Each structure stands twice: as structure tokens, then as C-alpha cells.
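A short write-up of the structure that comes next.
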Number of protein chains: 2
Amino acid sequence: MNSSASTKERILTAAEALFAQRGFEGASLRQLTAAAGVNLAAVNYHFGSKDNLVEEVFKRRLDQLNARRLAALKQVAGHPETTLDDVLAAFIRPALDLSHDGGGGLFMRVLARAFAEHDDSLRKFLSENYGHVMRQFTTEFARLLPQLSKEELYWRIDLVTGALTHAMSGFGIIQRKSDVSEITHREQTAAHLIRFAAAGLSHP
Amino acid sequence: MNSSASTKERILTAAEALFAQRGFEGASLRQLTAAAGVNLAAVNYHFGSKDNLVEEVFKRRLDQLNARRLAALKQVAGHPETTLDDVLAAFIRPALDLSHDGGGGLFMRVLARAFAEHDDSLRKFLSENYGHVMRQFTTEFARLLPQLSKEELYWRIDLVTGALTHAMSGFGIIQRKSDVSEITHREQTAAHLIRFAAAGLSHP
DNA sequence: AATGAAATCAAACGATCGTTTGAGCATACG
DNA sequence: CGTATGCTCAAACGATCGTTTGATTTCATT
């Protein structure tokens, strides 16, 4: 279809969509290359193996998402006037933006699949490429919620993570009402998630 | 006749564990039957197909889980003195109990996998066998939270579902501290989840 | 135009998948 | 006892999987 894009990019885009729909094992290289309009052998030529392709699909979006989240966090972390909502916005808004621009509408669903997979190698890869972000956010949450024990804080962050991952994996489907502009709809969605997460984190 | 029931049960138990670990497509019938100590052909003989086996794995636990949840809900639904915590307890406690007795420790992880799968036939099956439970709980939530619009309520229930599914899928791993009895640990876990869910549902 | 590296292609590789087969075994009933 | 029925078993089926191969095409550089 998109013959202007490079073969590598077309494979990555088709893989992202197919992984979101059928899973990492359910999507075959033959379906994938047919959808991308490239030869079957192109995957092993450009990526070496299917497992490497899976990692590259994650890296392409995750590097961007991590950078945006950390940049947003840096602007509020440590400041005395920073609120819980500010930190949550730094975590949530970049994911929402990724879903609407940059063509990453299906990536959050791929990420949710990866969270559900309890495969060790995939979890290790995610931990190496995602863990430092969660760690920095956790530090800031701990600063803003000093009344919580470490155990209590980890519990709540885990639950919030589950809620947000679940919700964001549905972004591909949820359609805004036609009488609301996209930017308004995105603001409303962000407000929903932020208020829910703040309530779950800071309840007495 | 009795030996067939034994073979069936062994297949179901091995399938539950292997589906939790490797996913529905990742677990092969050869791994599965080897783990169960039965012949390869036994799956197709007793269940007809692998897809039918997947459904039977769900049915075995889901029928019990649904029955317990609805029974607990029935005891509190509609009563004027019922609180949000009561309804949430009716939803959460049966899942916790299933994880600790009856050998269903891995089932919640299988269920979480199924939620992450966006496969149409599996979602249809879950909707048919799980939807009526969610519908009854939603009705009771709506009664106890009359200040929320329908749209707002659905948003919050969806987020709570994501959080609980995520948390419960980890039950197989989380170990209680040795100085806490299992029943105390279960109570503490239930209290965590109920308070978090109540905060997320009822925040201003 | 000639050259050589990079990219694409059709075809085939061995492995593994879910499923089927037909013979053999067990147990219950006339 | 003989036989029917339910179950188990090793073996094989065709299909599909990820991967590899070697020839061919593409294309920038000389």
C-alpha cells in the first residue's frame, strides 16, 4: 500500500497492527509480509528473526514514549508546588498523544498484550527498556504521598498501572462523539484517567 | 467411565497451567498432553478440538466463579443499608477464594490473558459466559452511585475492571509473609482491592 | 557503460502444529 | 464365555510455521 515508506518501516507498521490483533505468536510472517506488501524473506533480511522484529516494534514506539514521559516528568519533579495530578499528567498525556499522532494508535494494545504475557524474555526486555521510567515516576509518587508505606505505595501503583494499561489498550476503538473536537476529547479522556488514578493513589 | 473423567481432569488442569504460562496459541497439545501424562490423541477424543478445550478450561472455573459472585451479590443487592464496599466484596472475594482453594491459582491469569486477547470468538465466548454477571454488578453500582452519569459510571467500572484483572492475575506469584496467616493475608489483600476500587468509583 | 554492494524474489528447508486413523486394551453385561 | 463399548496408544496426515538459499534485480558510484 504505502509504497513511499521503506521496507523496514512498512514491516514495522504491519507487524504492530497484526501483533495487536492476533498476538505475537498468532501473527505469522506470511500474513505480516503480505499485509506490508513485501517479500517473506524481507523480515529475516532486515531484522534477523521474528523475535528481533518484536523487539524493534516495541523500541520504535517505546523510545519515543519514554522520552516524552521523562521530559514531562522532569518539568515538575521535585518542585514544591507540584501536585499529584501534574505527575499523573506527565505519565498519561504522552501515551494519549502517541495514540492520536505518529500512527501509534495500536501500540498501546501491543503493550497491553506484552503485560499480559508472562513470558520471561519479553518481560525482561520490557523491564530493561521500561523499568527506569517507572522507577522515576515511583520516586516522585513517593515524595508526594509521604503518608504511604512503601508496600502500600507499590500496591496502589500496581493497581493504577493495571487500570491505565487496560484503558489505553482500548484507545484504538473508542470513538469520540462527532460534536466534540479531537483535542477536546483527548483532554476529557486525560482528565478521566488522571482523576481516577489520583483517587486510587491518594485515598485515605 | 471413571478413568475418562480422570483423564479429562488431568488435561484441564495441565491446560490451565500451560495456557497461563505460554498462552493459548503458545501452548501446544504435545507439551500439554506430556505434562498431563496422557496420550496426544486424548485431547481430540475427549474435547473434540483445541478450541473446545480452551472453552472448557474457562467454563470449569468461570461457572463456579460466576455462581459465587452472584450468590454474594444477591445477599446485598437492593438493600437500603448496603454499601459500595459490600458490592465490591461480593465481586472480589470469590476471585480471591478461587485463587487459594479449588486449585484455581492460575485461572485468573488465564482470564487476564483472555481479556488482553482481542480475538473475536474468544471475546464473544467471554461475553456470553461472563457478561450477565458484569451487568448485574453494574446495575447495583448504578443504584449506589446515582450522582454519576451512565457514561461516567461505565468509564470508572472499566478502569476498576482493568485494575482488578491486572492485580488478580498476579495472585499466583505474590507470596504472603511467613508471619501472617493465609486467611489474614487474604483479608488484607481483599481490603486493599476493595478500598482502591471504592475510591476509584466514588471519588468526587 | 561497467562494477559491486544492497535489496528483493521464488522456492525450498526441516520442524512443529492440530488432527485423524486404526489397531489394541480395558471393563461391563448378556 | 463372548461380545460390545469406551478408552488409550503409536503412527501418520496435510498444513503451516520461521528460516535459509541462491539467483535476480536495483541502483549508486566510477
Side-chain angles (χ1 to χ4, degrees), chain A residues 1-60 110 113-114 117 119-122 124-125, chain B residues 1-60 110 113-114 117 119-122 124-125:
Chain A
M1 267 299 194
N2 192 2
S3 55
S4 66
S6 72
T7 298
K8 271 184 110 168
E9 283 297 321
R10 275 191 293 175
I11 291 175
L12 286 170
T13 300
E16 185 175 78
L18 220 56
F19 288 160
Q21 189 190 348
R22 301 202 195 272
F24 306 109
E25 308 209 51
S28 75
L29 293 187
R30 284 170 179 80
Q31 298 171 328
L32 204 157
T33 50
V38 304
N39 187 269
L40 168 62
V43 170
N44 283 276
Y45 177 79
H46 286 284
F47 297 95
S49 70
K50 185 183 181 180
D51 283 345
N52 274 353
L53 171 61
V54 172
E55 293 196 358
E56 290 298 321
V57 167
F58 277 106
K59 273 196 175 169
R60 179 172 69 151
V110 179
R113 265 191 188 274
E117 303 263 350
D119 175 78
D120 281 342
S121 63
L122 190 55
K124 186 186 168 196
F125 172 83
Chain B
M1 188 161 87
N2 288 346
S3 63
S4 100
S6 165
T7 298
K8 271 183 113 167
E9 282 298 318
R10 276 193 301 191
I11 291 175
L12 285 170
T13 300
E16 185 175 77
L18 220 56
F19 289 159
Q21 189 191 349
R22 303 204 195 270
F24 305 109
E25 309 209 51
S28 76
L29 293 187
R30 284 169 179 81
Q31 297 172 329
L32 203 158
T33 50
V38 303
N39 186 269
L40 168 62
V43 170
N44 283 276
Y45 177 79
H46 286 285
F47 297 95
S49 69
K50 186 183 180 180
D51 283 344
N52 274 354
L53 171 61
V54 172
E55 293 195 358
E56 289 298 321
V57 167
F58 278 106
K59 273 196 178 171
R60 179 172 69 151
V110 179
R113 265 190 189 275
E117 303 263 350
D119 176 78
D120 280 342
S121 63
L122 190 55
K124 186 186 169 197
F125 173 82

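Predicted model only: the values in this text are computed from it and were never measured. Protein chains get the first letters and strands the later ones, always in sequence-line order, with residue 1 at the start of each. Side chains are part of it too, since the values below use all heavy atoms of this structure and drop only hydrogens, waters and symmetry mates.
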Smallest separation among heavy atoms of A:T33 and A:N39, with atom names
CG2-O, 3.6 Å

Phosphate-side-chain proximity, A:T7 and C:dT8, N/O vs OP1/OP2 below 4.0 Å
yes

Heavy-atom nearest pair, B:T7 first then B:A42, reads CG2-CB, 4.3 Å

Does any non-hydrogen side-chain atom of A:K8 lie less than 4.5 Å from one of A:F47?
yes

Send over the distance from A:F47 CZ to D:dG18 P, rounded to a whole Å.
15 Å

Whole angstroms only, please: what is the NZ-C1' distance between B:K50 and D:dA15?
15 Å

Within the sub-3.5 Å range, which N or O atoms of nucleotides 20-26 of chain C have a protein N or O partner, and how far apart are they?
none

Expressed in angstrom and rounded to an integer, what is the separation of A:Q31 atom CD from D:dA15 atom P?
17 Å

Taking all non-hydrogen atoms of both residues, which atom of B:R113 and which atom of B:A20 are closest, and how far apart?
NE-O, 3.3 Å

Whole-Å distance, B:L32 CG to C:dG18 C1', equals 12 Å

Side-chain N or O of A:S49 closer than 4.0 Å to phosphate OP1/OP2 of D:dG18
no

Whole-Å gap separating C1' (D:dC17) and CG (A:L53)
15 Å

Check each residue of residues 19-27 of chain A for a non-hydrogen atom within less than 4.0 Å of any atom in DNA chain D, then write out the ones that pass by number, or none.
A:A27

To the nearest Å, how far apart are A:I11 CD1 and C:dC9 C1'?
13 Å

Tell me, with the steps shown, if A:L12 and A:K59 meet side-chain contact (heavy atoms from CB on, under 4.5 Å).
CA-CA 10 Å; A:L12 286 170; A:K59 273 196 175 169; over 6 Å; no

Verdict with reasoning, B:L29 to B:L32, per side-chain contact (heavy atoms from CB on, under 4.5 Å)
CA-CA 5 Å; B:L29 293 187; B:L32 203 158; 4.2 Å; yes

Can you name the nearest heavy-atom pair linking A:S49 to A:V43, along with the distance?
O-CG1, 4.5 Å

B:F58 and B:V110, any side-chain heavy atoms less than 4.5 Å apart:
yes

Please give, in whole Å, the distance from D:dG6 P to B:K8 NZ?
13 Å

Under 4.0 Å between a side-chain N/O of A:S28 and OP1 or OP2 of D:dT16, yes or no?
no

Of the candidate nucleotides C:dT8, C:dT19, D:dC7, which contains the atom at the shortest distance from the side chain of A:H46?
C:dT8

Just how far, in rounded Å, is P of C:dG18 from CG of B:L29?
4 Å

May I ask you to decide whether B:R22 forms a salt bridge with A:E25, counting only side-chain N to carboxylate O separations under 4.0 Å?
no

